[in-house]
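Heads up: the structure comes next, in structure tokens.
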Amino acid sequence: MGTSLTLAVIGCGSFSSGFVPLFKAHPLVNKVYVCDLIQELADTAAQRFGVEVIASFEEALKRRDINAIAIFTQRHLHGPQVLAALAAGKHVYSAVPMASEVEQCQQIVELVRKSGLTYMMGETCYYYPSAMFCRETYRAGIFGKFVYGEAQYHHDISHFSQKFRDDLRSAGIPPFYYPTHSTAMLLSAVDSYALKVVAFGYEDREDDQFFKKGINQWDNVFSNSFSMMKLANGGTARINECRRIGYKAPSSYVSSCYGTEGGYQFNNAQHVLTVKTPKGVTLTDVSERVNPVAVTENRHDPEFKQKVANHQWQWNSFAPIQQAEADRLPASFKAPDMPNGHMASHQLLVDDFCTAATFGTLPPVNAWEAARWTIPGLIAHQSVLRDGEVLAVPDCGDAPKV
Ligand SMILES: NC(=O)c1ccc[n+]([C@@H]2O[C@H](COP(=O)([O-])OP(=O)(O)OC[C@H]3O[C@@H](n4cnc5c(N)ncnc54)[C@H](O)[C@@H]3O)[C@@H](O)[C@H]2O)c1
């Protein structure tokens, strides 16, 4: 099989360091460049991973031999960068979120539709085992009609990197400007999208400077936000985004998903499925299927619950429910030094992008899905600002069949 992609990774922060070796090792990738506004970061990444530096994002867009761009810049920068890369005729992989403005999401969808280029949002939670379990169970009809579900991304500001917290202009980003971990899990599971949203915010009360007017670039004062979304399939999703909260791991999770016939509940490594019977329910503990293998292997550890709550064993170990997906990964990813991360999702995402961009197929997390998982959050923040006004969520429609 020939290689097809020459790819420039834009942004050499900590997150992209887990992806550069995967792009480089993928059999469909010919060459990888790295780039950062901070030259030292680009030089260090190039040396560490044995790739070349490209001087700037703009230079990468001009280069005819580069046909793909992978954006790993700060979360509020993605929209305009994705649009510029698509306009320059490049396939685009972008870390989440899609964009910080509704219009940018709509423009990305339009550019992808017109150009036929690949856009993929690297939503790690699409492959989180709990999302995969709910997706599989819903598609098998076991839940019946979707009724109600809860998903959240809880990431306390004290658990972010020092580098992230040092940038006070950006660290206090409105929680709902980063909604896709939680929306992706639940909306992909029940194959639907939001029509309306109502949301409330928690006005931060701590003395540090993160969520303060006049400090962050959005004048955002909310550290936590909570929403209810009315979905097109008639059900309701409760989606929360919390950045000041006494909780750690797993940071993104589906806590419940109920249908007319069955339901799923999760708490600290326990995953339970109930299915209605004429007299009650059957209850099945599905934890061994949904937890990463490393979690199950350590279930007799005397500190098991503490360690799970502190994020142990939930990084690069596949769960049995992910195995069928893991089986299609290229042989080069099976080398012991190949990185993976966020519930073993990184390798699957890189493979999805390289395959879609090479063969012109639609990646699972395509522009249409990315818009349906990003826009409800942006509108939810507007509802927070209007003290819980019910707002309509614009929709970009279904992805075309390719
Ligand atoms: N689970 C997940 O999906 C997940 C986890 C972590 C981070 N992320 C996302 O990944 C992205 C990167 O995160 P990070 O922690 O590495 O951030 P970071 O701030 O450490 O790194 C971003 C880098 O991009 C560089 N950059 C910005 N604009 C640029 C430009 N025009 N040209 C070249 N370089 C530019 C910056 O100088 C910086 O070094 C963020 O968008 C974040 O939301 C996603």
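Counting starts at 1 for both ligands and their atoms, in listed order. Here the structure is a predicted model, which means the values were calculated and not measured.
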**Prompt:** So, Tyr264 and His271: side-chain donor and acceptor under 3.5 Å apart, yes or no?
**Reply:** yes
**Prompt:** Should you measure from each heavy atom of Leu77, which atoms of ligand 1 turn up under 4.0 Å away?
**Reply:** 27 (C), 28 (N)
**Prompt:** Of the protein's non-hydrogen atoms, which lies at the shortest distance from atom 38 (C) of ligand 1, and what is that distance?
**Reply:** Asp36 OD2, 3.5 Å
**Request:** Return yes when Gln81 approaches ligand 1 closer than 4.0 angstrom through a heavy atom, no otherwise.
**Result:** yes
**Message:** Less than 4.0 angstrom from a charged side-chain N to a carboxylate O is my criterion; do Arg328 and Asp352 meet it?
**Reply:** yes
**Message:** Need the ligand 1 atom indices (1-based, order shown) with element for anything under 4.0 Å from a heavy-atom of His342.
**Reply:** 1 (N), 5 (C)
**Request:** Please work out whether the ring planes of Phe19 and Phe72 are parallel, tilted or perpendicular, with thresholds of 30° and 60°.
**Result:** tilted
**Request:** Using distance alone, determine whether Phe57 and ligand 1 share an N or O pair under 3.5 Å.
**Result:** no
**Message:** I'd like to know if Lys213 pairs up with Asp219 as an ion pair, taking the criterion as any Lys NZ or Arg NE/NH1/NH2 lying under 4.0 Å from an Asp or Glu carboxylate oxygen.
**Reply:** no
**Request:** Anything under 30° is parallel, anything over 60° is perpendicular, the rest tilted; go ahead and classify Tyr153 against Tyr178.
**Result:** tilted
**Item:** Proximal ligand 1 atoms for His78, defined as those under 4.0 Å from one of its heavy atoms
**Value:** 41 (O)
**Close approach of Tyr178 to ligand 1, heavy atoms, under 4.0 angstrom** = yes
**Asked** Just one of Thr183, Asp398, Thr180 clears the side chain to side chain donor-acceptor pair (under 3.5 Å) bar with Arg372, so which one?
**Response** Asp398
**Message:** Under a plain distance cut-off of 3.5 Å, with no hydrogens placed, do Thr124 and Ser345 share a side-chain donor-acceptor pair?
**Reply:** no
**Shortest non-hydrogen contact from Val53 toward Ala46** = CG2-CB, 3.5 Å
**Message:** Heavy atoms only: which of Gln74, Glu59, Met121 lies closest to atom 27 (C) of ligand 1?
**Reply:** Gln74
**Prompt:** Considering only protein heavy atoms, which is closest to atom 15 (O) of ligand 1, and at what distance to one decimal place?
**Reply:** Ser14 OG, 3.7 Å
**Message:** Please list the nearest protein heavy atom to atom 34 (N) of ligand 1 with its residue and the distance rounded to 0.1 Å.
**Reply:** Leu37 N, 3.2 Å
**Request:** State whether a side-chain donor-acceptor pair under 3.5 Å links Asp43 with Gln47.
**Result:** no
**Message:** Which residue and atom name correspond to the protein heavy atom nearest atom 42 (C) of ligand 1, and how close is it?
**Reply:** Val96 O, 4.0 Å
**Request:** Before signing off on this row, confirm whether Pro97 and ligand 1 have an N or O atom pair separated by under 3.5 Å.
**Result:** no
**Item:** Nearest neighbour in protein (non-hydrogen) for atom 16 (O) of ligand 1
**Value:** Phe15 N, 3.0 Å
**Message:** What protein heavy atom lies closest to atom 12 (C) of ligand 1? Include the residue and the distance to one decimal.
**Reply:** Phe72 O, 3.2 Å
**Asked** Is atom 32 (N) of ligand 1 less than 4.0 angstrom from at least one protein heavy atom?
**Response** yes
**Prompt:** At what distance is the nearest protein heavy atom to atom 21 (O) of ligand 1, and which residue and atom is it?
**Reply:** Gly13 CA, 3.4 Å
**Asked** Does a side-chain N-to-carboxylate-O contact under 4.0 Å join Lys145 and Glu261?
**Response** no
**Fill in**
Note: Ser17 and Phe49 closest approach over all heavy atoms is O-CZ, 3.3 Å
**Request:** Using the six-membered ring wherever Trp is involved, compare the ring planes of Trp315 and His342 and label them parallel, tilted or perpendicular (cut-offs 30° and 60°).
**Result:** tilted
**Prompt:** Which atoms of ligand 1 have any heavy atom of Arg75 under 4.0 Å away?
**Reply:** 40 (C), 41 (O), 43 (O)
**Message:** Do Arg243 and Tyr202 form a cation-pi contact, if we require the NZ or CZ to be under 6.0 Å from the six-membered ring centre and within 45 degrees of the ring's axis?
**Reply:** no
**Request:** Show which atoms of ligand 1 fall inside a sub-4.0 Å distance from at least one heavy-atom site of His181.
**Result:** 1 (N), 2 (C), 3 (O)
**Request:** Using a strict 4.0 Å cut-off to heavy atoms of Lys163, name the atoms of ligand 1 that fall inside it.
**Result:** 18 (P), 19 (O), 20 (O), 21 (O), 39 (O)
**Message:** Show the atoms of ligand 1 that are less than 4.0 angstrom away from any heavy atom in Leu41.
**Reply:** 39 (O)
**Message:** Checking a contact table here: which protein heavy atom is nearest atom 26 (N) of ligand 1, and how many Å away?
**Reply:** Thr73 CG2, 3.6 Å
**Asked** Hey, is Ala95 touching ligand 1 through its side chain, its backbone, both or neither, going by heavy atoms under 4.0 Å?
**Response** side chain
